[in-house]
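So that the names make sense, note that chain A is the first sequence line, chain B the second, and so on, each numbered from 1.
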Amino acid sequence: MSSKVRTRFAPSPTGFLHVGGMRTALFAWLVAKQGGGQFILRIEDTDQKRKVEGAEEHIVECLAWLGLIPDEGNKERIRQSERVKNGIYQNWAEKLIESGRAYADPYSPEQVQEFRAQAQADKKPFLYRNHRPDNPPQWEPGLPLRFKSEPKEYVTHDAVMGDIKTGPEVVDDFILIKADGFPTYNFAHIVDDTDMEISHVIRGQEFIASLPNYRNLYEALGIEPPIFATVPHIMNEQGNKKLSKRDGAKDILDYRSEGYLPETMTSFLATLGWNDGTEQEIFTVDELVKKFSLDRVQKSGARFDERRLLWTNGHFIREMELSELYKKVAGFWPKTADKYDDDYKKKVLSLVQERLKYFAELPELSSFFFEEPPVDKNLIENHKKLKQYDKSQLKEMLETTKTKLEGIRNFKADAIQKALNELLEQTGEKPIVLFSLIRIAVTQAPASPGLAETLEVLSKDVCMHRIHRQIADFQV
RNA sequence: GGUCCCUUCGUCUAGUGGUUAGGACAUCAGGUUCUCAUCCUGAAAACACGGGUUCGACUCCCGUAGGGAUCACCA
């Protein structure tokens, strides 16, 4: 066997990619990079009926988002459908016919279905090989070609699952080439993996039951099998089935458009079913390349918990340099921010950075910095302390505040904080009363960054205006 | 139903015969002169069950239960 590491991601272009497929791709990429080898993208489009327009580009884009750039098959996409034209599968099929390990299937799908129904009625497992025709016709276009299996026991080693023991009853005659002339996945992937010198076949759990069949075919073909690695599925939030699109699994690119970082997705996906045995919770891509190993991948499925994803993203956002973060959030500002310059927006961003969990939250967290918010009476009426005060008392506090702030020469956070502290003494009020009142007057928001910093960024004029507005509101 | 795989806090997990069963997310409480968030401290929270093996089982074996995958001319 070649010692070169070559892995592949082999999706079918039938729709968008979700976290399950993405994680499988990530694992394959990590194994390739770790071994100094290649990562290959191969589009499994032998089922022309299920092909979805644009799905292929979508897959490439998803991979690129996480930096999983295929070493082959990116620009010159490797598509099975094109390899069909080259006659590769045909050649291998003919070899199998010659060696007596493949035969034309004379039955229609309906007839096969009847056999299957009969077996079910008899409560017996259905095996096609029990219905092998005695004298199969010559194989010709329009007839499916079946593999002639030689059932036996196997102990199949899987890099994730360990040794899997199976009996001969799971080995059967399966279709190699369909009536439409296209090879099935079961046949095509083995030919392709061999042809492309794939060293590790890393794929989802749905293929584990087919492994004995593949072993049998590898033997018939005289090919040394690659290393198998079967990755368990990511489960839905209820934990009762594999994550699927029907079940609300999101398009990977949705996370990008909501403002999740690629490093978040990479770390999150890798640690969903894998860990390095230490207490490290978050990994950079470089760390993963160094530390990842298939034998520490969990054997059972893990639930997809978006709250952990959110936490991971918040972590990366907080760690980021302001200027870098500023570039990344470019498309996420509220529309009203357009009129403001970079400097102002950067200041706002620095205040909301530690509160931001994903970029799409930015408008909600920052809108009052860019537009005058409407006065929201509920904020005071529902405030646990402020609701106990008369409007006239609140009005008086604000007027005192206004005068005090008016007198600040250099409207900076430390000077403002000093003034605010003096106001506490002056009015004899608790911070929770006075500061809450000012904060509401100025932001009209249930939450905001620190008061002094917020006032500074907003500027003296704006603060004066908004406090005045609140005072006026008390008079009505 | 057959076959294969799996089973530690609500969730993701550490753990490979002797541990006060550890961490993280989430939750709750306290602290950081206002809110939210961050940060810090703390709390609650788990070995599915039943048999063995053993001086001793979360760890090994068997069974039961539960969960998942698969049984296409789909991948």
Cation over ring face, Arg116(A) and Phe126(A), 6.0 Å, 45°: yes
Could you list the residues that satisfy ring pair (Phe, Tyr, Trp, His ring centres under 6.0 Å) with Phe474(A), not counting sequence neighbours? none
At under 4.0 Å between heavy atoms, what does [X] touch on the DNA or RNA strands: base, sugar-phosphate, or nothing?
{"X": "Gln280(A)", "value": "nothing"}
{"X": "Thr271(A)", "value": "sugar-phosphate"}
{"X": "Asp105(A)", "value": "nothing"}
{"X": "Ala447(A)", "value": "base"}
{"X": "Arg42(A)", "value": "nothing"}
{"X": "Glu237(A)", "value": "nothing"}
{"X": "Arg146(A)", "value": "sugar-phosphate"}
{"X": "Lys430(A)", "value": "nothing"}
{"X": "Ala302(A)", "value": "sugar-phosphate"}
{"X": "Phe182(A)", "value": "nothing"}
{"X": "Ser448(A)", "value": "base"}

Over how many whole Å does the gap from Phe187(A) atom CZ to C73(B) atom P extend? 16 Å
Between C1' of C9(B) and CZ of Arg303(A), the distance in whole Å: 13 Å
Taking the inter-plane angle between the rings of Phe115(A) and Tyr107(A) on a 0 to 90° scale, is it parallel (under 30°), tilted (30 to 60°) or perpendicular (over 60°)? perpendicular
Which label fits Tyr260(A) and Tyr358(A): parallel for a plane angle under 30°, tilted from 30 to 60°, or perpendicular past 60°? parallel
Below 4.0 angstrom from OP1 or OP2 of C6(B), is there any side-chain N or O of Lys299(A)? yes
Would you indicate, yes or no, if C73(B) has its OP1 or OP2 atom less than 4.0 angstrom from a side-chain nitrogen or oxygen of Arg50(A)? no
With a cut-off of 3.5 Å and sequence neighbours excluded, list every side-chain donor-acceptor pair involving residues 430-447 of chain A.
| from | atom 1 | to | atom 2 | distance (Å) |
| --- | --- | --- | --- | --- |
| Ser436(A) | OG | Ile432(A) | O | 2.5 |
| Arg439(A) | NH1 | Ala445(A) | O | 3.3 |
| Thr443(A) | OG1 | Arg439(A) | O | 2.7 |
| Thr443(A) | OG1 | Ala445(A) | N | 3.2 |
| Gln444(A) | OE1 | Asp376(A) | N | 2.8 |
| Gln444(A) | NE2 | Ile440(A) | O | 3.2 |
| Gln444(A) | NE2 | Ala441(A) | O | 3.4 |
| Gln444(A) | NE2 | Gln470(A) | OE1 | 2.8 |

Report yes or no: is there a donor-acceptor pair, N or O only, under 3.5 Å between the side chain of Arg307(A) and the base of C25(B)? no
Does Arg308(A) contact A24(B) through a side-chain donor or acceptor facing the base, at a distance under 3.5 Å? yes
Is Arg42(A) salt-bridged to Asp193(A), cutoff N-O under 4.0 Å? yes
Salt bridge present between Arg308(A) and Asp305(A) (N-O < 4.0 angstrom): no
For G63(B), which nucleotide in any strand shown is its Watson-Crick or wobble partner with both distances under 3.5 Å? C49(B)
With the threshold set at under 4.0 Å for non-hydrogen atoms, list the residues of residues 347-376 of chain A touching RNA chain B in residue-number order. Glu354(A), Arg355(A), Lys357(A)
